[in-house]
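Everything below concerns the one structure shown next.
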Amino acid sequence: MRKGLSADLITRVLGGGPKYTLAELEEKYPPRNLPEGAFVTRFSPSPTGYMHIGGLYMSLIDYKLAKQTDGVFMLRIEDTDTKREVKDAAKIIVDSMKRFGFEYNNDEVYGPYYQSQRKDVYRSVAADLLARGLAYPCFLTAEDMEKIRENQKNAGFATGIYGEFARDRDISEEDIIRHLDAGEVPSIRLYSTGNPDNRIFCKDAVRGSIGFPENNEDIVLIKSNDGLPTYHFAHLCDDHFMRTTHVVRGEEWLPSFPLHTQMFRMMGWTPPLYIHTATIDKIDPETGKQRKLSKRHDPEANVAFFLADGWPTEAIIDYLGNIAASGYEEAKVKGQVKSFWDYELRPKKIPMSGVLFDNRKLEWWAKEYIATLPVDELVKRVRDWADEYDPQWAARIGDNPEYLKNILAIERDNPKRIRKDFITWKQTLQEVSYFWDDLFLSNKEYEFNKDLLSAFLSTFDICDDKDTWWAKIVAIAADKGVKNGDVAMNLRVVLTGRTNTPDLYSIMQVMGTDKVVNRIKDVING
RNA sequence: GGUCCCAUCGUCUAGCGGUUAGGACGUCAGAUUCUCAUUCUGAAAACACGGGUUCGAUUCCCGUUGGGACUGCCA
């Protein structure tokens with residue numbers, strides 16, 4: 001154990017004195033007044049790029065856990081890595097939360113919620129550690145550490161600043177002053193008293209108690225370059241003073257679990273309950289191996305891509321939600337719950353092994369979801385999408401909104417038998433594009449029976465009711481000696497260019513006489 | 001190399017010592033339909049391997065193998 005630093009030295013070492021004592025912080029950030037069993041969670045992304053599907057998954061769990069217990073869900077931006085920070089990334093995250101309806105409650109009392117604005121908190125806690133001899137200023141340079149790492153590798157030792165390799169671990173006040181006088185700025189390191197020969201047990205809500213060798217690394221608490229905390233130290237300070245009860249984070253944090261447990265004990269604070277989630281993976285097309293969906297290599301991991309493609313956010317929530325709570329799907333199909341928000345998410349049931357992202361299943365959720373939408377709502381959602389992502393479609397719809405509504409209303413009257421052709425807003429429009437002459441692609445492959453088409457044309461009357469219309473088709477089939485379906489298929493392909501469409505009668509009604517007649521004539525004549 | 005996590009149909013999973021190992025997506029087949037949609041019916045499809053413990057292991061323990069994560073003044 002080292003001797004604590006004097007107040008004067010602490011101020012110099014930190015580049016400023018502590019603003020608060022620990023007791024003052026406790027008072028400033030009092031325990032929350034919440035009902036028994038309420039979860040306080042937080043989504044804490046670092047603004048280093050776009051919103052990732054894995055981040056969305058974690059924030060869904062965070063939000064759901066807080067919501068179902070009448071707790072609090074916070075959004076905390078971990079912008080402590082000034083080098084990797086990407087402009088507007090925080091805005092994208094905030095926007096995503098809004099779009100998916102994850103309402104966070106960033107109560108002012110516990111803020112600010114940007115870590116870069118919480119230096120006072122970190123510095124105050126660091127000062128306490130320094131005063132107690134549980135942390136020390138370290139003047140090792142990047143080159144020094146590189147050299148140490150090299151030597152460790154060559155000698156077969158574990159890399160890192162620990163024990164005898166931690167040069168400044170027991171640095172004297174005189175030496176500190178000497179470095180300071182030379183204009184050097186130290187980082188603040190943890191004075192670790194952990195011994196790898198001992199085991200420390202860490203509690204995970206899903207995996208239970210996990211044993212690790214104790215941590216003996218003097219990890220950096222405060223970085224020298226910007227005075228900001230590392231993840232570890234920020235986690236300790238923020239989740240304590242924000243009174244987080246449950247920390248949902250990726251399993252990549254498992255290795256630093258003993259460190260975090262050690263730090264909480266050192267402070268005499270009760271650690272939150274941890275939920276280390278599994279990653280959402282894909283099969284790497286090059287190696288053929290399963291790996292985490294990555295920001296750098298997988299554009300499909302970008303939530304913005306799902307939005308631009310017009311996936312209903314509800315379907316994405318359903319899909320992700322079912323991964324987190326596997327019983328949800330069955331409850332939903334059986335009608336026991338209306339949405340994911342009605343289904344209880346149990347922390348213990350959150351999966352702990354990596355999950356392959358399954359686009360087919362997402363498609364299924366999306367089809368099911370869109371099929372539940374009333375026409376007006378469907379039209380609205382499609383239009384909203386077009387307004388934001390596809391100006392051409394937006395203009396086209398804007399010219400005649402009723403037309404789109406009539407198209408999308410086809411075969412939507414019987415709620416039990418709604419076609420499930422629509423997957424995304426974008427694909428919905430593509431699916432019905434044949435209703436517009438300039439988008440209509442006549443089918444060049446299909447061998448039309450012009451005889452049948454002529455016969456239909458001569459009897460066609462848009463005013464016919466459905467029975468009359470069908471009777472005419474049956475009559476033509478009988479007359480020409482073909483099946484009813486043959487006549488129908490010829491009509492289907494001639495009008496839509498496709499072999500699979502909704503009800504033909506409805507299509508003709510929506511298209512109107514001119515389109516129907518012209519398209520048939522084009523084939524007969526051409 | 002070290003530490004840690006994980007292991008049931010192709011995929012997501014139910015299972016918490018005795019089950020014909022269940023469901024969902026997907027796949028395939030059949031029925032209905034004007035259609036390759038919908039709806040309905042049915043089928044194929046899994047406990048990684050080896051040791052224990054036990055009357056009995058998918059289930060508990062150990063090992064092996066396989067997959068994953070970490071090993072930064074990044075999170």
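- For A/L221 and B/A75, the CG to P distance is 12 Å, given to the nearest whole Å.
- Across every strand in view, B/A31 sits in a pair with B/U39 that passes the Watson-Crick or G-U test at under 3.5 angstrom.
- Among the nucleotides B/U13, B/A75, B/U3, the one closest to any side-chain atom of A/P351 is B/U13.
- At the heavy-atom level, A/T159 lies under 4.0 Å from the strands shown only through sugar-phosphate atoms.
- Using a cutoff of 4.0 Å between basic side-chain nitrogens and carboxylate oxygens, A/D281 and A/R291 are not scored as salt-bridged.
- Using a 4.0 Å cut-off between a side-chain N of Lys or Arg and a carboxylate O of Asp or Glu, A/D298 and A/K292 do not qualify as a salt bridge.
- The side chain of A/L254 lies closest to B/C4 when the candidates are B/U38, B/C4, B/U35.
- For the P atom pair drawn from B/C61 and B/G2, the interatomic distance equals 24 Å after rounding to whole Å.
- For A/T41 (side chain) and A/D62 (main-chain N/O), a donor-acceptor pair under 3.5 Å exists by modelled atom type.
- Separating the CD1 atom of A/I77 from the P atom of B/C74 is a distance of 19 Å, rounded to the nearest angstrom.
- Nearest nucleotide to the side chain of A/D358, out of B/A75, B/U11, B/G23: B/U11.
- The partner of B/U71 is B/G1, by the rule that a Watson-Crick or G-U pair needs both atom distances under 3.5 Å.
- Donor-acceptor pairing under 3.5 Å, judged by distance alone, is present between the side chain of A/T499 and the base of B/C36.
- The side chain of A/K223 approaches B/C74 more closely than any other nucleotide in the set B/A7, B/C25, B/C74.
- Looking at heavy-atom distances under 4.0 Å, A/K83 makes contact with sugar-phosphate atoms alone, never a base.
- A donor-acceptor contact under 3.5 Å is not formed by the side chain of A/T230 with the base of B/C73.
- Among the protein residues, A/E411 comes within range of the nucleic acid bases, having at least one heavy atom under 4.0 Å from a base atom.
- Distance noted for atom C1' between B/C40 and B/U33: 12 Å (whole Å).
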Does the ring-ring contact (aromatic ring centres under 6.0 Å, His included) test come out yes or no for A/Y274 and A/H235, once each step is laid out?
-> CA-CA 12 Å; A/Y274 293 84; A/H235 158 57; 5.6 Å; yes

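- With respect to the salt-bridge test (charged N to carboxylate O, under 4.0 angstrom), the residues A/R207 and A/E251 qualify.
- Picking from B/A75, B/C73, B/U38 the nucleotide with the shortest atom distance to the side chain of A/S187 gives B/C73.
- On the P atoms, B/G63 is 12 Å away from B/U3, given to the nearest whole Å.
- The listed nucleotides are B/G23, B/U3, B/A24; the one nearest the side chain of A/F212 is B/U3.
- What separates CG of A/N443 from C1' of B/U35 is a distance of 14 Å, to the nearest Å.
- Residue contacts shown for A/W253 include a base, since a base heavy atom lies under 4.0 Å away.
- The same atom, C1', is picked in B/C6 and in B/G18; the two are 28 Å apart, to the nearest Å.
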Can A/Y231 and A/W253 be said to form a ring-ring contact (aromatic ring centres under 6.0 Å, His included), step by step?
-> CA-CA 11 Å; A/Y231 168 86; A/W253 289 109; 3.7 Å; yes

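- Taking only side-chain atoms of A/K361, from C-beta outward, the nucleotide of B/A75, B/C12, B/G68 with the closest atom is B/C12.
- Annotation: B/G51 and B/A45 have their P atoms spaced 26 Å apart (nearest Å).
- Base engagement by A/T501 is indicated by at least one non-hydrogen atom pair under 4.0 Å involving a base atom.
- In the interface, the side chain of A/R417 is paired with the base of B/U38 through a donor and an acceptor atom under 3.5 Å apart.
- Closest-nucleotide positions on RNA chain B for A/M352 and A/D486 were compared, and the one nearer the 5' end corresponds to A/M352.
- Summarising the base pairing, B/A7 is matched to B/U65 through a Watson-Crick or G-U wobble pair whose two defining distances lie under 3.5 Å.
- Taking only side-chain atoms of A/D81, from C-beta outward, the nucleotide of B/C74, B/A37, B/C6 with the closest atom is B/C74.
- Note on A/S256: nothing from the nucleic acid sits closer than 4.0 angstrom, heavy atoms only.
- Each of A/I210 and A/R149 was matched to the nucleotide of RNA chain B holding its nearest heavy atom; the match closer to the 5' end belongs to A/I210.
- Within 4.0 Å (heavy atoms only), A/N500 reaches at least one base atom of the nucleic acid.
- Counting only distance, with no hydrogens or angles, the side chain of A/N322 and the backbone of A/D318 share no donor-acceptor pair below 3.5 Å.
- Set against B/C4, B/C74, B/C70, the side chain of A/E252 has B/C70 as its closest nucleotide.
- At the phosphate of B/C4, OP1 or OP2 sits under 4.0 Å from a side-chain N or O atom of A/R199.
- When both pairing distances are held under 3.5 Å, B/U53 makes no Watson-Crick or G-U pair with any nucleotide shown.
- Across all strands shown, A/L356 has heavy atoms under 4.0 Å from sugar-phosphate atoms exclusively, and none from any base.
- Separating the P atom of B/G22 from that of B/C16 is a span of 14 Å, rounded to the nearest Å.
- Residues A/F340 and A/Y328 bring their aromatic ring centres within 6.0 Å.
- The CD1 atom of A/I473 sits 11 Å away from the P atom of B/U35 (whole-angstrom rounding).
- Within the 4.0 Å cut-off from OP1 or OP2 of B/G1, not a single side-chain nitrogen or oxygen of A/K153 is found.
- Taking atom CZ on A/R291 and atom P on B/C6, their separation rounds to 23 Å, with Å as the unit.
- In terms of phosphate contacts, A/T279 brings no side-chain nitrogen or oxygen within less than 4.0 Å of OP1 or OP2 of B/G68.
- Remark: the separation of the C1' atoms in B/C47 and B/G42 is 25 Å, to the nearest Å.
- Listed nucleotides B/C5, B/A37, B/A69 differ in distance to A/R207; the shortest reach to its side chain belongs to B/C5.
- Heavy atoms of A/G211 sit under 4.0 angstrom from primed sugar atoms or phosphate atoms, though from no base atom.
- Side-chain N/O atoms of A/K349 include none lying less than 4.0 angstrom from OP1 or OP2 on B/C16.
- The interatomic distance linking A/E251 (CD) with B/A69 (C1') rounds to 6 Å, in whole Å.
- Nucleotide B/C73 holds its P atom 19 Å from the OH atom of A/Y122, rounded to whole Å.
- Within 4.0 Å (heavy atoms only), A/R360 reaches sugar-phosphate atoms of the nucleic acid but no base atom.
- Here, B/A43 and B/A24 have their P atoms 12 Å apart, quoted to the whole Å.
- In this structure, A/D168 places its CG atom 14 Å from C1' of B/C73, rounding to the nearest Å.
- For the pair A/T244 (side chain) and A/V247 (backbone), a donor-acceptor distance under 3.5 Å is absent.
- Within 4.0 Å (heavy atoms only), A/K289 reaches sugar-phosphate atoms of the nucleic acid but no base atom.
- Classification of A/R199 and A/E214 as a salt-bridged pair fails, no side-chain N sitting under 4.0 Å from a carboxylate O.
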